[in-house]
Every structure is written in structure tokens, then in C-alpha cells.
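When reading the values below, keep in mind they use all heavy atoms of this one structure, side chains included, and skip hydrogens, waters and symmetry mates.
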Amino acid sequence: VLCTRLVIHDDVLALSVGGNKKNITRKQWLALAKACQLPERAAVRVLAETANAEGDALELVRSSYLPAEMKAQYAAMLTQRAKGLAKAVG
């Protein structure tokens, strides 16, 4: 799966979460989960698992067929987003 942000540089997220496309808080993620009828406990687990998957995601980028410059951009973006998600996870 290719991230559109590599080619659309001002793209953040395709859809807003709680009215935001940046700096989404834990409360906003959990509100989205509730709206999707996902139990809070499951939502918290999914957030934590996603936040902890940065290493695996970076390895996938490194082993991809993307040009080196795009790999570097993708890795930097993943690292930045993982930090933001880690804040939301708490």
C-alpha cells in the first residue's frame, strides 16, 4: 500500500477524525471507535498495537521497490506519525 502523501505533499489524512486531520487526540480516536461501534477496550488495544508497529512498518518500507528518496520520505513520515500516535495512546 502506497501512502498518497509521498506524491501529494500537503495531504495529511484522507478523512478527518473528530474534525481534524492533524494532531488527533486519544479522545478523538476513541470517539471515532465508539461511532464505529468498536468497544473502547478493543480501540485502546488497536491504538497501542498500531503505535508499536513502527519497526515493522519501517522494515516494509526498506524492503520495498520505492526509489531511495521516497523510502527516506516514507520512513520519516512513519516515524513522525508514530510519535503522534504514541502521544494519543498515552
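Pairs of residues two or more places apart, or lying in two chains, never qualify as salt bridge (charged side-chain N to carboxylate O under 4.0 Å, His left out) while including a residue from residues 19-30. Contacts classified as side-chain hydrogen bond (donor to acceptor under 3.5 Å, both in side chains) and involving residues 78-90 (residues at least two apart or in different chains) are given here: Glu54-Thr79. Each salt bridge (charged side-chain N to carboxylate O under 4.0 Å, His left out) pair with one or both residues in residues 56-65, not counting sequence neighbours, appears once here: Glu59-Arg62.
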Could you go through residues 33-45 and list every donor-acceptor pair under 3.5 Å that involves a side-chain atom there, pairing it with any protein atom two or more places apart or in another chain?
residue	atom	partner	partner atom	Å
Arg45	NE	Glu49	OE2	3.4

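With hydrophobic clusters built from ILVMFWY side chains whose heavy atoms lie under 4.5 angstrom apart, Tyr74 does not share a cluster with Leu60. Both Leu58 and Met77 sit in one connected hydrophobic cluster of ILVMFWY residues. Membership requires side-chain heavy atoms under 4.5 Å apart, directly or through other members.
Residues satisfying the side-chain hydrogen bond (donor to acceptor under 3.5 Å, both in side chains) criterion with Ser64, sequence neighbours excluded, are absent altogether.
In this structure the side chain of Asn20 never reaches within 4.5 angstrom of the side chain of Thr25, judged on heavy atoms. For the pair Leu85/Trp29, a side-chain contact is recorded, criterion being any heavy-atom separation below 4.5 Å from C-beta on.
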